[in-house]
2 protein chains.
Amino acid sequence: MDKQTITIYDVAREANVSMATVSRVVNGNPNVKPTTRKKVLEVIDRLDYRPNAVARGLASKKTTTVGVIIPDVSNTYFSSLARGIDDVATMYKYNIILANSDGNDQKEISVLNTLLAKQVDGIIFMGHHITEALRGEFSRSKTPIVLAGSIDEDKQVGSVNIDYEEATKDAVRLLAKNGNQKIAFVSGSLRDPINGQKRLKGYKDALKEANLTYTEGLVFESTYSYKEGIKLAERIKNSGATAAVVTDDEVAVGILNTLTDSGVKVPEDFELVTSNNSLLTEIARPQVSSITQPLYDVGAVSMRLLTKLMNKEEMEERTVVLPYGLAEKNSTK
Amino acid sequence: MDKQTITIYDVAREANVSMATVSRVVNGNPNVKPTTRKKVLEVIDRLDYRPNAVARGLASKKTTTVGVIIPDVSNTYFSSLARGIDDVATMYKYNIILANSDGNDQKEISVLNTLLAKQVDGIIFMGHHITEALRGEFSRSKTPIVLAGSIDEDKQVGSVNIDYEEATKDAVRLLAKNGNQKIAFVSGSLRDPINGQKRLKGYKDALKEANLTYTEGLVFESTYSYKEGIKLAERIKNSGATAAVVTDDEVAVGILNTLTDSGVKVPEDFELVTSNNSLLTEIARPQVSSITQPLYDVGAVSMRLLTKLMNKEEMEERTVVLPYGLAEKNSTK
DNA sequence: AAAATAAATTAAAACGGTTGCAAAATTTCC
DNA sequence: GGAAATTTTGCAACCGTTTTAATTTATTTT
């Protein structure tokens with residue numbers, strides 16, 4: 001009953017050659033006489049033969065598939081990276097298996113293992129905090145791995161990021177220059193080294209530079225959501241801060257809208273700089289000044305780097321740092 | 001040099017059983033004596049054996065992988081669907097290969113073919129307009145396919161959607177009820193049957209119902225982007241419309257912000273209803289009334305439907321229509 | 001306790017390709 | 001025209017599982 005699938009063997013028979021020759025034709029191997037190639041191609045076309053990628057994968061030990069571990073595709077930050085990843089993957093004839101982890105330590109490990117079981121040729125990992133266990137899995141596996149928009153001290157794997165520390169510093173500098181004495185730092189989990197180490201350090205350093213004192217009371221940790229921003233607004237206002245650097249656009253806009261709705265004038269009474277320069281910053285009124293990150297490129301470059309690792313190409317540096325910018329809009333003076 | 005991979009054969013040898021028995025243990029086949037099972041599991045654990053999914057796929061003709069064709073992951077509408085798809089996929093032990101098509105006819109076909117070559121067990125397709133060529137590929141392949149948030153007359157494949165026609169009708173009814181005589185219809189490409197057939201029909205029907213006349217001058221076709229909304233605002237205003245149903249939130253907010261910035265009072269002078277109820281509708285000021293669609297669920301249900309098709313379960317209906325709602329916020333009176 | 005039945009296990013054939021090596025065919029060179 | 005060199009081709013092992021049919025072992029039945 002099954003519309004039986006036609007195999008390389010069928011093609012070989014019809015074309016009066018061996019499977020080996022068909023395989024060579026399919027793989028563009030040059031050691032085939034032009035006339036033979038033509039004959040085989042005709043049969044392939046006539047039978048509408050399509051090589052079974054699974055069988056190929058088994059025989060060649062290459063699946064032309066890479067695994068992508070992502071906290072949440074429906075989050076624009078990550079989906080922008082994902083888009084960059086897929087575009088470059090496609091360019092190099094790879095497909096991506098996309099797996100959401102919710103940034104959950106357990107899921108990250110289990111998903112990593114299923115990806116390895118599926119024999120992906122490489123892995124791109126996006127996450128917040130890399131646990132010791134995960135790091136262990138990373139080094140155990142001989143499959144190349146690249147971190148995209150995620151950092152880890154252990155430089156065993158490749159990674160692509162921007163200089164979060166300097167970027168945050170620039171943002172705080174701007175706020176300090178504008179005369180703010182109390183600048184809040186509103187970030188996601190400080191467990192994420194991007195926040196807890198890089199950005200926080202940038203914040204502290206910039207304060208010091210401006211002769212401002214660091215107080216824990218001005219540091220706010222939150223989850224990434226608009227609602228969280230709304231909740232936070234009151235507390236930030238009460239802290240006496242007159243400005244804030246925020247690491248997430250949703251949170252930033254939540255704060256902005258809440259303050260504005262309660263009569264606070266932005267930027268006159270309160271200044272705000274956020275970090276991802278997403279569409280939200282354009283839509284909000286006033287528009288929100290923001291650090292700009294080349295998200296798509298971070299993804300694209302990660303995948304490019306991964307292709308090099310998969311090809312075992314020699315390379316200078318596997319830790320890439322992309323340039324960032326600062327877009328001054330209307331939430332800063 | 002290669003940390004050589006350990007195979008089912010190694011486990012068999014170490015455990016003094018045949019590969020077949022190991023295979024049964026791994027697959028939870030009950031026909032294994034408990035003591036044997038235990039012995040094998042110990043060896044598996046000791047050797048840290050992990051079944052090669054590619055070999056399994058070849059032997060069993062099942063890859064526990066489904067292909068997902070998506071116009072653009074970085075678009076929140078689709079990434080919401082994608083998230084629902086992946087969650088249910090994970091629940092049923094499937095992984096997804098995600099491939100962006102940009103809604104491009106050519107890419108859709110080529111991507112479909114590589115997914116089939118990779119022997120995915122099923123496919124979820126999201127797209128705007130299904131060409132004859134694509135439909136041909138669909139029916140040629142015996143791999144189950146489900147359309148998510150996409151429609152096609154040809155009911156050969158499964159699909160999950162909301163009733164776009166009724167939803168649009170409801171939105172227009174609301175605007176008509178509020179006294180608007182000239183209601184604009186701002187949609188994406190009319191080539192997409194969701195717009196060109198369903199929604200447009202709902203729009204026309206509602207107009208008729210309210211004794212309003214349909215004019216082409218009030219129909220605006222645009223691409224889905226904030227910028228496009230900005231451009232459109234002026235034209236819409238000049239059309240004499242005092243209200244609009246918009247099919248995309250970015251476009252809607254673009255229109256809203258532009259009108260507001262130019263002094264038009266919303267909802268007093270102009271009313272607006274959009275269609276996806278994304279975060280943008282909350283962030284914009286005033287907040288935008290919107291049709292509500294269970295995007296995550298559309299994805300989730302699509303995947304659930306696909307699992308049934310992959311299992312060859314008998315079922316009544318493979319065309320699922322999920323409920324929608326209408327959230328009245330501040331862009332309508 | 002032998003015969004019949006059921007349960008557990010094994011051997012070996014797929015699954016559909018790739019690839020190293022040897023053989024065959026072709027071309028080159030004197 | 002024939003040996004040597006080169007290009008094409010085919011053979012067959014291999015990739016790591018699943019799965020069927022056959023065999024062995026254990027359990028019931030009488």
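Lettering follows sequence order; numbering is per chain, from 1. As the structure is a prediction and not an experimental result, all values here were calculated from the model. Scope of the values below: all heavy atoms of this structure, side chains included, with no hydrogens, waters or symmetry mates.
Counting heavy atoms from C-beta outward, A:Pro294 and A:Ile162 have side chains that approach closer than 4.5 Å.
For the pair B:Thr21 and C:dA8, the criterion of a side-chain N or O lying under 4.0 Å from OP1 or OP2 is not met. Between B:Thr36 and the phosphate of C:dA8, there is no side-chain N or O to OP1/OP2 separation shorter than 4.0 Å. Side-chain N/O atoms of A:Ser18 include none lying less than 4.0 angstrom from OP1 or OP2 on D:dC11. Considering only side-chain N and O atoms, B:Asn27 lies under 4.0 angstrom from the phosphate OP1 or OP2 of D:dT18. Side-chain nitrogen and oxygen atoms of B:Thr7 include none within less than 4.0 Å of the OP1 or OP2 phosphate oxygen of D:dC15. In this structure, B:Ser23 does not reach the D:dT17 phosphate: none of its side-chain N or O atoms is under 4.0 Å from OP1 or OP2.
Under the rule for a side-chain hydrogen bond (donor to acceptor under 3.5 Å, both in side chains), the partners of B:Arg304 that lie at least two apart in sequence or sit in another chain are B:Tyr92, B:Thr307. Scored by the side-chain hydrogen bond (donor to acceptor under 3.5 Å, both in side chains) test, A:Asp121 finds A:Thr63 as partners (sequence neighbours excluded).
What separates CG of A:Asn29 from C1' of C:dT18 is a distance of 11 Å, to the nearest Å. Distance, A:Ile8 CD1 to C:dC15 P: 15 Å, rounded to whole Å. For the pair B:Asn31 CG and D:dT20 C1', the computed distance is 13 Å after rounding to whole Å. Atom-to-atom, CG of B:Asp10 to P of D:dC15 comes out at 11 Å; the value is rounded to the nearest Å. Atoms CD (B:Gln119) and C1' (C:dG17) sit 11 Å apart, rounded to a whole Å. Separating the CE atom of B:Met19 from the P atom of D:dC15 is a distance of 12 Å, rounded to the nearest angstrom. Taking atom CG of A:Asp121 as the reference point, atom P of D:dC15 lies 18 Å away to the nearest angstrom. Straight-line distance from the OH atom of B:Tyr9 to the P atom of C:dA12: 12 Å, rounded to whole Å.
Along DNA chain C, the nucleotide nearest A:Lys33 and the nucleotide nearest A:Arg24 are compared for position; the residue whose nucleotide lies closer to the 5' end is A:Arg24. Of the residues near DNA chain D, A:Pro34 and B:Val26, the one whose nearest nucleotide (by heavy atom distance) lies more toward the 5' end is A:Pro34.
Under the 4.0 Å criterion applied to side-chain N and carboxylate O atoms, A:Asp10 and A:Arg13 are assigned as salt-bridge partners. Salt bridge present: A:Asp48 and A:Arg50 bring a charged side-chain N and a carboxylate O closer than 4.0 Å. Salt bridge absent: B:Arg46 and B:Glu42 never bring a charged side-chain N and a carboxylate O closer than 4.0 Å.
Using a 4.0 Å cutoff on non-hydrogen atoms, the parts of residues 40-61 of chain A near DNA chain D are A:Leu58, A:Ala59, A:Lys61, ordered by number.
A tilted orientation is assigned to the rings of A:Tyr224 and A:His128, their planes being inclined by 30° to 60°.
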